[in-house]
Q: 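So that we are looking at the same thing, I have put the structure below in structure tokens.
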Amino acid sequence: MTTTAMRHLLTTACLTLAATGLAAAPAIHGPKLSASSLLLTVSEGEAPGRAAQQVTLDCPSGGTHAHPGAACRAVAAAGGDLDHLAGSPETVCPMIYAPVTASAEGAWRGRKISWKKTFSNGCALHAAAAPVF
């Protein structure tokens with residue numbers, strides 16, 4: 001067998017093995033993202049301090065949140081932007097200043113979420129961000 005024929009045979013064998021290996025190998029994907037998950041905190045006062053309440057929201061319907069399905073639907077309707085939550089606009093709140101700070105940390109559909117906002121009282125938070133907070 002000539003050197004050229006040997007090279008051709010080896011090249012063909014290598015290409016065949018490589019093609020077979022690639023076809024049989026499982027597809028390589030990035031890490032599988034889990035469902036959207038947020039850590040929701042409500043603290044008394046204007047600066048986050050001792051958390052009055054902290055829950056997890058794992059969408060589509062899990063975590064320690066009392067109403068995860070409704071909360072997940074609300075976040076989805078806002079496109080993951082908590083400044084655009086529909087809230088409960090029919091809620092009428094007293095004009096009592098007892099500030100609460102709500103925050104959310106985590107991910108929504110692979111996008112990092114870090115959100116914090118202070119409301120004049122718990123009722124104002126509910127009016128702006130129910131059923132998430």
Q: Yes or no on side-chain contact (heavy atoms from CB on, under 4.5 Å) for T118 and V100, after CA distance, side-chain angles and deciding distance?
A: CA-CA 6 Å; T118 300; V100 294; over 6 Å; no
Q: Does S103 offer a backbone N or O that forms a donor-acceptor pair with the side chain of T41 under 3.5 Å?
A: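 Not at all, since once roles are kept as given, no pair shorter than 3.5 Å links the two residues.
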Q: Passes side-chain contact (heavy atoms from CB on, under 4.5 Å), L57 versus C72? Steps please.
A: CA-CA 8 Å; L57 178 62; C72 289; 3.6 Å; yes
Q: Please test L40 against Q54 for side-chain contact (heavy atoms from CB on, under 4.5 Å), starting from the C-alpha separation and ending with a verdict.
A: CA-CA 6 Å; L40 306 172; Q54 194 170 56; over 6 Å; no
Q: Is it the case that T56 and T64 place a side-chain donor and acceptor less than 3.5 Å from each other?
A: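 Judged by distance alone, the side chains do pair up.
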Q: Would you compute the distance between atom NE2 of H67 and atom OG of S61 and round it to the nearest 0.5 angstrom?
A: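 Rounded to the nearest 0.5 Å, the NE2-OG separation comes out at 13.5 Å.
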Q: Might you point out which heavy atoms bring V55 and H65 nearest each other, and give the distance in Å?
A: CG2-CD2, 4.0 Å
Q: Grab the two heavy atoms, one from T101 and one from G45, that are nearest each other, plus how far apart they are.
A: OG1-O, 2.8 Å
Q: Is there a path from W108 to L39 through hydrophobic residues (I, L, V, M, F, W, Y) whose side chains come within less than 4.5 Å of each other?
A: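 In one cluster with W108: L39, no.
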Q: Looking only at heavy atoms, what is the nearest atom pair of P131 and A74, with distance?
A: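 Result for this residue pair: CD-CB, 3.7 Å.
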Q: Which atom names give the shortest non-hydrogen contact between A78 and H84, and what distance separates them?
A: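 Taking every non-hydrogen atom into account, CB-O, 3.5 Å.
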Q: Return yes if a side-chain donor-acceptor contact under 3.5 Å exists between S88 and E90, otherwise no.
A: yes
Q: Please round to the nearest 0.5 Å and tell me the distance separating atom CD of E105 and atom NZ of K116.
A: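 It comes to 9.0 Å.
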Q: Is there a donor-acceptor contact under 3.5 Å from the side chain of D58 to the main chain of S37?
A: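 A pair under 3.5 Å: no.
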Q: Any idea which heavy atoms bring A102 and L125 closest together, and the distance?
A: CB-CD1, 3.7 Å
Q: When clusters are formed by joining ILVMFWY residues with side-chain heavy atoms under 4.5 Å apart, either directly or through shared neighbours, do L85 and I113 land in the same one?
A: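 Per the 4.5 Å side-chain linkage, L85 and I113 are co-clustered.
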Q: Parallel, tilted or perpendicular: which fits the ring planes of F119 and W115, with parallel below 30° and perpendicular above 60°?
A: tilted
Q: Determine whether C123 and P94 make a side-chain contact, defined as any pair of heavy atoms from C-beta on separated by less than 4.5 Å.
A: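 With C-beta onward as the side chain, the pair touches.
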Q: Ignoring hydrogens, what is the shortest heavy-atom contact between A104 and F133? Give both atom names and the distance.
A: CB-CZ, 4.3 Å
Q: Apply side-chain contact (heavy atoms from CB on, under 4.5 Å) to the pair D83 and K117, showing each step before the final yes or no.
A: CA-CA 9 Å; D83 284 324; K117 190 169 185 176; 4.1 Å; yes
